[in-house]
Protein chains: 2
Amino acid sequence: MKYLLSNIRISIKENIYLKDPESSSLGKRIVENSILLIDEIGFDLFTFKKLGTKIGSNESSIYRYFENKHMLLLYLTTWYWTWLEYQLVFSTNSLEDKELKLKKAVEVLTQTTTIDSAFSHIDKVVLKRIVISEFSKSYLTKEVDAENKEGYFSVYKRLVNRLKDFIIDVNTTYKYPKALASTIIEGAMHQHYLKDHFKSITECSKDLAPTIFFNDLVFKILKQN
Amino acid sequence: MKYLLSNIRISIKENIYLKDPESSSLGKRIVENSILLIDEIGFDLFTFKKLGTKIGSNESSIYRYFENKHMLLLYLTTWYWTWLEYQLVFSTNSLEDKELKLKKAVEVLTQTTTIDSAFSHIDKVVLKRIVISEFSKSYLTKEVDAENKEGYFSVYKRLVNRLKDFIIDVNTTYKYPKALASTIIEGAMHQHYLKDHFKSITECSKDLAPTIFFNDLVFKILKQN
DNA sequence: CAAATATAATAGTAATACTATCATTTTTGA
DNA sequence: TCAAAAATGATAGTATTACTATTATATTTG
């Protein structure tokens, strides 16, 4: 799998960036280090100036790749959802049994990323952490409807719909497959955040993965008439 | 109920503000109008300067009430959760049946606020809207652990735990009552947001309230062995 | 009605979020 | 291989933000 993956490439719609960061070494350093810096100081305190200092480059050069830090965040989160979608399709593809397929899907979509399959310069473990704590900020804005029309969230929506399809395959009569799918994906990020910062309002912990909770939840819901 | 409510008062822990906004007419105008302005332009673009202009007062005067806009947001969201906790306790108190109690609890915690019971100067309908789109920003910060220790999120956590207690009352053997409670409360906010901005990934809409989805979900989970 | 307190006005600072211009370095293609 | 093109870097500049400090004025209250 490692060898196969080393040949695939995550490509992101060109309207998110001004210049494709995959097209140059500076671009790659921008992406790679922005992930580390956002993880370190948080998106709110992150600036292109600080990133420039970190990579020994100029603020103005970064502006040639991304319009502003909001667009960079959209790029990073879209990259993550694209990568996760690939993981999802890849790891469920060979399964025959519909329940097993759903179980695997929930697992992929709710688990902590702990191993980095090491293709590309991007650290998936750190990226997952910033998706958990920063993704909401990419759509909780006044521009959300305009940006949604531009297609900036289409990968995320497609991923939710893939999970929805797995849900329907297990129980055709269940009335809210989309709401359930979106609740699982967003809820998993939330539970990961809670286990790290608000331990008193969840049973999830390093010993009890959110995956366990959500797989229990989804099958209890779907196996009921 | 209207008469009873007109005599109660939401009071917020004093470490959130520098000077109690309930103690003066300027304070009340700050709170009342900050809700309207945040709703209008979003928290990200909201500044004390703009609020000062809106209420015909000076930026520096607002700084005497709140350290910064982050603390103001904590104040507003805490006010909302306190008010919601009151609604929850009040409306479930008289019920005997445990399932009915839980059903009512889920209803109170997930519904759209459409009527404003009109005590206090605070518009609860608008406040709910800003809680849906801005509450996450109050805790998705690098200061979350320090602020959590200060007790800034205790009302929210207490509310989750109240729901957890209702869940346990219905099914003592269910293993994840806290995770389920936190998922419902956060998930409801998310579904409200989706129905307004990402209609393609939820069945929720103005005709299908998130309450319906979550009540179906919670009872399917708890009535299973 | 004087003293205390609250509010307003003004000014000032460092940082942010950019844009513009020009110089320098690197890449490329004939 | 060398000139043109493209990419990057350096510097400067602007408007806004997020405050703090100081002083003036208005309001409250004992």
Side-chain angles (χ1 to χ4, degrees), chain A residues 14-34 37-38 40-76 121 134 137-138 140-143 146-147, chain B residues 14-34 37-38 40-76 121 134 137-138 140-143 146-147:
Chain A
E14 61 291 337
N15 60 347
I16 285 189
Y17 47 75
L18 299 171
K19 180 184 162 141
D20 185 359
E22 285 295 315
S23 72
S24 74
S25 90
L26 177 61
K28 281 174 200 156
R29 275 192 298 140
I30 289 172
V31 169
E32 187 182 344
N33 288 282
S34 65
L37 189 54
I38 291 171
E40 197 182 309
I41 65 175
F43 185 68
D44 299 343
L45 298 179
F46 171 88
T47 67
F48 281 1
K49 186 118 196 238
K50 290 173 186 167
L51 178 58
T53 305
K54 190 184 176 81
I55 64 177
S57 179
N58 200 274
E59 195 188 2
S60 59
S61 304
I62 303 169
Y63 274 107
R64 286 198 194 88
Y65 285 85
F66 296 100
E67 218 179 308
N68 49 46
K69 70 173 183 172
H70 171 69
M71 295 309 291
L72 171 58
L73 181 61
L74 283 178
Y75 180 89
L76 297 177
H121 49 103
E134 316 293 357
K137 296 174 190 168
S138 76
L140 294 173
T141 68
K142 281 285 159 183
E143 296 77 35
E147 295 189 346
Chain B
E14 60 291 338
N15 60 348
I16 285 189
Y17 48 76
L18 300 170
K19 179 182 164 144
D20 186 358
E22 284 295 315
S23 71
S24 72
S25 89
L26 177 62
K28 282 176 200 156
R29 273 191 299 142
I30 288 171
V31 169
E32 187 182 343
N33 288 284
S34 65
L37 188 55
I38 291 171
E40 197 182 311
I41 65 176
F43 185 68
D44 301 343
L45 297 179
F46 171 87
T47 68
F48 280 1
K49 185 118 195 239
K50 289 173 185 167
L51 178 59
T53 305
K54 190 184 176 77
I55 63 177
S57 179
N58 201 274
E59 195 188 2
S60 60
S61 305
I62 301 169
Y63 274 106
R64 284 199 198 87
Y65 285 84
F66 296 100
E67 220 178 309
N68 49 48
K69 71 173 183 172
H70 172 70
M71 295 309 291
L72 171 59
L73 180 61
L74 283 177
Y75 180 89
L76 297 178
H121 49 104
E134 317 292 357
K137 297 174 190 169
S138 76
L140 293 174
T141 69
K142 281 285 159 184
E143 296 78 34
E147 295 189 347

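Labels below follow one simple rule: chain letters A, B, ... track the order of the sequence lines, proteins then strands, and each chain is numbered from 1.
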Report task. Show your working on side-chain hydrogen bond (donor to acceptor under 3.5 Å, both in side chains) between Ser34(A) and Tyr75(A) and close with a plain yes or no. Result -> CA-CA 11 Å; Ser34(A) 65; Tyr75(A) 180 89; over 6 Å; no
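Contact record, Leu26(A) with Ile55(A): CD1-CD1, 4.1 Å, taken as the closest heavy-atom pair.
Annotation: the span from Glu67(A) atom CD to Leu18(A) atom CG amounts to 6.0 Å, rounded to 0.5 Å.
Comment: Lys142(A) does not engage Asp44(B) in a salt bridge, judged by the lack of any side-chain N to carboxylate O separation of less than 4.0 angstrom. The pair Glu40(A)-Lys54(A) meets the salt-bridge criterion, since a charged nitrogen lies less than 4.0 angstrom from a carboxylate oxygen.
Within the 4.5 Å cutoff, the side chain of Val31(A) has heavy atoms near those of the Pro21(A) side chain.
A parallel orientation is assigned to the rings of Phe46(A) and Phe43(A), their planes being inclined by less than 30° (bins at 30° and 60°).
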Query raised in the report: Base, backbone or nothing for each nucleotide of nucleotides 24-30 of chain D, written B, S, -, heavy atoms under 4.0 angstrom, 5' to 3'?
Result: -------
Report task. Treat primed atoms plus P, OP1 and OP2 as sugar-phosphate and everything else as base, then score nucleotides 3-20 of chain C 5' to 3': B for base contact with protein heavy atoms under 4.0 Å, S for sugar-phosphate contact only, - for none. Result -> ---SBBBB-----SSBBB
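Rounded to an integer number of Å, the gap from CG of Leu73(B) to P of dA18(D) is 13 Å.
Looking at Thr141(B), its side chain never comes within 3.5 Å of a backbone N or O of Lys137(B) through a donor-acceptor pair.
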